[in-house]
Amino acid sequence: MSLNLLDEGYEVTCAGGSESALEHLCKDSGIDGVLLDWCMPHVDGLALLRQMRERGHMMPVLFLTGLADNVHEEAALTLGAIDFINKSRSLAVVLQRLALIIEGRKEAATPTPDVVRRGKLELKSASRQAFWDNHPVEVTPSEFAILRLLAEAPERDYSYHEIYELFRGQGWVAGSGEEGYRVNVRSLIKRIRQRFRTIDNSFDCIKNYSGYGYSWDALD
């Protein structure tokens, strides 16, 4: 994989395990993305991703693994992975998704309002922190991006596919069948609601437009 990426013009650094990966991440702040295996010696990929986020390494992470079941994919997305690619997929698919995610990260680097306020909600873009009624809400980078998208335009209904493209790249779908991406979006929205309801049981600001998508309650 590293040789193929080098041939495509990427600068590549390989790490044989979690310790060497974390050591390199501490030395190089210019990394655009991480391809991460799940099954590794001593510390698996999911545990490594958790350690990365705890240490403030927020660059996009793509899992490239032979584990194809939904349980593993959902666990990776919950911790903030951007993508989950089965090793059986072709190199062309890996290159396409990697390019889309790196391109999206560069676009995200353009200036945006640092703070979004909508009723009791406050989002701080620079630190990716969310607050509800002045209480911090723990959210993943993907969850934060969805919150900001909805809160910035509360009068708009966003489709499942628009929300999915926000954190997974454009031009392809996941899950089972052509509409499989809806499952991913529903899971993320469910987790976002649960996070806010641990603070406020009455939280009901994310509205579902049946069969279409979601919006932020404009009356909030």
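Given the structure is predicted, the values throughout are model-derived calculations rather than measurements.
Residues K207 and W216 fail the side-chain proximity criterion, which asks for heavy atoms closer than 4.5 Å. Between M58 and M52 the shortest side-chain heavy-atom distance does not fall below 4.5 Å. Counting heavy atoms from C-beta on, the side chains of F196 and D200 never come closer than 4.5 Å. Residues K124 and V116 have side chains not in contact (no heavy-atom distance under 4.5 Å, counting atoms from C-beta outward). Using a 4.5 Å heavy-atom cutoff, the side chains of L98 and L5 are in contact. A heavy-atom distance below 4.5 Å is not found between the side chains of F131 and V137. Contact check for L62 versus L36: no side-chain heavy atoms found under the 4.5 Å cut-off. For the pair F144/S127, no side-chain contact is recorded, criterion being any heavy-atom separation below 4.5 Å from C-beta on.
Between atom OG of residue S142 and atom CG of residue N184 there is a gap of 10.5 Å, rounded to the nearest 0.5 Å. The distance from atom CZ of R148 to atom OG of S125, rounded to the nearest 0.5 Å, is 4.5 Å. The line from CD of E19 to CG of L48 is 10.5 Å long, rounded to the nearest 0.5 Å. The CD1 atom of I192 lies 7.0 Å from the OG1 atom of T140; values are rounded to the nearest 0.5 Å. Expressed to the nearest 0.5 Å, how far SG of C39 lies from CG of L46 amounts to 11.0 Å. Between the OG atom of S159 and the CZ atom of R182 there is a distance of 8.0 Å, given to the nearest 0.5 Å.
Criterion: ILVMFWY side-chain heavy atoms under 4.5 Å apart, direct or through other members. Under it, Y10 and L91 are part of a common hydrophobic cluster. Both V12 and L35 sit in one connected hydrophobic cluster of ILVMFWY residues. Membership requires side-chain heavy atoms under 4.5 Å apart, directly or through other members. V34 and V93 sit in two unconnected hydrophobic clusters of ILVMFWY residues. Membership requires side-chain heavy atoms under 4.5 Å apart, directly or through other members. Hydrophobic clustering keeps W38 apart from V71 (ILVMFWY residues linked when any side-chain heavy atoms are closer than 4.5 Å, directly or through intermediates). Under the 4.5 Å side-chain contact rule for hydrophobic residues, Y209 and I146 do not share a cluster.
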side-chain hydrogen bond (donor to acceptor under 3.5 Å, both in side chains) evaluation trace for D157 with S215: CA-CA 5 Å; D157 294 312; S215 65; 3.3 Å; yes
Determine whether V61 and R53 satisfy the following criterion, side-chain contact (heavy atoms from CB on, under 4.5 Å), listing intermediate values before the conclusion. CA-CA 10 Å; V61 171; R53 296 312 190 218; 3.9 Å; yes
N86 vs T65, side-chain contact (heavy atoms from CB on, under 4.5 Å): CA-CA, chis, key distance, verdict: CA-CA 5 Å; N86 191 280; T65 175; over 6 Å; no
Given side-chain contact (heavy atoms from CB on, under 4.5 Å), test L188 with E143 step by step and report yes or no. CA-CA 7 Å; L188 277 169; E143 292 166 353; 4.0 Å; yes
The test is side-chain contact (heavy atoms from CB on, under 4.5 Å); show your working for D32 and M59 and say whether it passes. CA-CA 6 Å; D32 291 312; M59 68 283 293; over 6 Å; no
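Between E23 and K27, at least one side-chain nitrogen of the basic residue sits less than 4.0 Å from a carboxylate oxygen of the acidic one, meeting the salt-bridge criterion. Checked for salt-bridge contact, E138 and R195 miss the test: no charged N lies under 4.0 Å from a carboxylate O.
Within 6.0 Å of CD on E11 lie no more than 12 heavy atoms contributed by other residues, nucleotides or ligands. More than 12 heavy-atom neighbours from other residues, nucleotides or ligands sit within 6.0 angstrom of OH on Y212.
R193 pairs with exactly one of K190, R191, R197 by the side-chain contact (heavy atoms from CB on, under 4.5 Å) rule, that one being R197.
The nearest pair of heavy atoms linking A130 to L147 is CB-CD1, 4.4 Å. Contact detail for I31 and H24: the closest heavy-atom pair is CD1-CD2, 3.8 Å. Residue L121 comes nearest to A151 through the heavy atom pair CD2-CB, 3.7 Å, listed as atom of the first residue, atom of the second, then distance. Of all heavy-atom pairs spanning N208 and G213, the tightest one is ND2-O, 2.9 Å. The shortest heavy-atom contact between S20 and A15 is OG-CB, 3.5 Å.
Checking side-chain atoms of R128 against main-chain N and O of P141 turns up no donor-acceptor pair under 3.5 Å. For D37 (side chain) and F63 (main-chain N/O), no donor-acceptor pair under 3.5 Å exists by modelled atom type. Side-chain atoms of E152 do not come within 3.5 Å of backbone N or O of L149 as any donor-acceptor pair. Using a distance-only test at 3.5 Å, with no hydrogens or angles considered, a donor-acceptor pair links the side chain of D44 to the main chain of A47. Here the side chain of R117 pairs no donor or acceptor atom with the backbone of E122 at under 3.5 angstrom.
Under the 6.0 Å cut-off for aromatic ring centres, Y214 and Y160 qualify, their centroids lying closer than that.
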